[in-house]
Protein chains: 2
Amino acid sequence: MEAKEILKQHITQIITLTDEQFDHFYAHFKPHSFKKGQIVISEGERVEQEYFVISGCLKAFYVSDEVKTYILQFAMPTWWTSDYGALYNQTKATISIDCITDAEVLSLSNHDREKLCSELHPVEYFFRWRTNRGYLASQKRLLSFMNNDTKARYEELLSQYPQLYNLVPKHLIAAYLGVSRETLSRLYNTHR
Amino acid sequence: MEAKEILKQHITQIITLTDEQFDHFYAHFKPHSFKKGQIVISEGERVEQEYFVISGCLKAFYVSDEVKTYILQFAMPTWWTSDYGALYNQTKATISIDCITDAEVLSLSNHDREKLCSELHPVEYFFRWRTNRGYLASQKRLLSFMNNDTKARYEELLSQYPQLYNLVPKHLIAAYLGVSRETLSRLYNTHR
DNA sequence: GTGATTACGTGATGTAGATCACTTTCGATA
DNA sequence: TATCGAAAGTGATCTACATCACGTAATCAC
């Protein structure tokens, strides 16, 4: 399916737009093809765009003390990703984003999102809905962090995204779970 | 200051409404006075309202296995709180909310929020902004959880909300940090 | 194909924090 | 003011996970 069609399906699950409205909306997106390993946003730089994933898998991650990497999000098709803190507050990125696999994405600038939100009330509704969804997911993950041990969180992650197991190297899954790669390795080898 | 005035100031930091528009907006809120210890939302029940805090302090918490309590949010004046998962999805509450101190709040029903959002475009913008802010805060807390040890998170919390130290019992601060009360106690007694 | 880089497994050891058990202090109410 | 329940401090012990160190397999680069 085409990028335009994928975005349209995604949007119209939530709001209704006429064909002209959607064309106008879509005109603000720019398609990009990224190669595996390519950097989309890098820490310390300006952030002007957010990204809607058409195909492939990206990761949004934070690097502390230039050493430890924590993955905030694996961005799969129909997911949105960016450093939203930097994007909204017009500050330098503290989060980096790169491609785990080759990927097709659509970019939308902060300016254009706000413009579209004020032009088309349903679009504003859509983005409110989307942000709310992200908020709830983040809160759920926070709770899981406090409440569950590593093994439970690992199984939770894989049951939600079974593709990840073959798609991304194990040390990245460890970085998402917030444990060392050694601990994760022992988890599924020791524990049967 | 009056509740209406506090809400107005809060809202108009983000959006502009005429006096009539704000009056219309405000007409959907209902004032409540709660006593210390009083329950606002309890797990397992329907959730119809969200709450805007005028004075006092509430806590939103999750109880796992009827035993361990994890605090998701201390809701201070001008903060919004509810079980948003249950509120948006019309499901039973998994999160409870009660009052740490006597409190004045304004309630707004899910239905009325959505009505106001569709009637007044700026109100939709406001709630998108607010949700976005919550999302960023939640993400920041998640990162802090993965990256910092308990002592650092404790100091981070107190530097952000110094009032909490005298306002809420220590075991609740421990429940927010996700550690046992014993560990928290040793933290500031052993470590100077 | 060869060498280098990256992924992954696994043992040994150290440590932050949980848990249990008990004591002390505080604050509300009779 | 005395009493009782909740909050808070503290010691002993246990455990999940980090860290370090090393080895092997897989993948990439030329």
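Within the 4.0 Å cut-off from OP1 or OP2 of C:dG17, not a single side-chain nitrogen or oxygen of B:S180 is found. The shortest distance between the side-chain N/O atoms of A:T183 and the OP1/OP2 oxygens of D:dC17 is not below 4.0 Å. When the side-chain nitrogen and oxygen atoms of B:Y188 are compared with OP1 and OP2 of D:dA8, none of them lie within a distance under 4.0 Å. For B:H171 and D:dA8, the shortest distance from a side-chain N or O to OP1 or OP2 is below 4.0 Å. Contact annotation: B:S185 side-chain N/O to D:dT10 OP1/OP2 distance is not under 4.0 Å.
When side chains are defined from C-beta on, A:R130 does not count as touching A:I14, because their heavy atoms never get closer than 4.5 Å.
Side-chain atoms of A:E182 come within donor-acceptor range of the base of D:dC20, with a qualifying N/O pair under 3.5 Å.
Residue A:G37 is classed as having no contact, given no heavy-atom separation below 4.0 Å to the nucleic acid.
Each of A:N148 and A:R181 lies near DNA chain D, and the nucleotide nearest A:N148 is the one positioned closer to the 5' end. The residue among A:G178 and B:L172 whose nearest nucleotide of DNA chain D lies closer to the 5′ end is B:L172.
Between the CG atom of B:L187 and the C1' atom of D:dT10 there is a distance of 14 Å, rounded to whole Å. Taking atom CZ of B:R186 as the reference point, atom P of C:dT23 lies 16 Å away to the nearest angstrom. The nearest whole Å value for the distance from the NZ atom in B:K35 to the P atom in C:dA28 is 14 Å. Counting to the nearest Å, the C1' atom of D:dA16 and the OH atom of A:Y154 are 18 Å from each other. A straight line from CG of B:L167 to P of D:dA7 spans 14 Å, rounded to a whole angstrom.
Taking the ring centroids of A:F127 and B:W129, they lie at or beyond the 6.0 Å cut-off.
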Evaluate A:Y62 against A:S64 for side chain to side chain contact (heavy atoms under 4.5 Å, CB included), listing each step before the verdict. CA-CA 6 Å; A:Y62 172 76; A:S64 82; 3.6 Å; yes
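Comment: A:K35 does not engage A:D98 in a salt bridge, judged by the lack of any side-chain N to carboxylate O separation of less than 4.0 angstrom.
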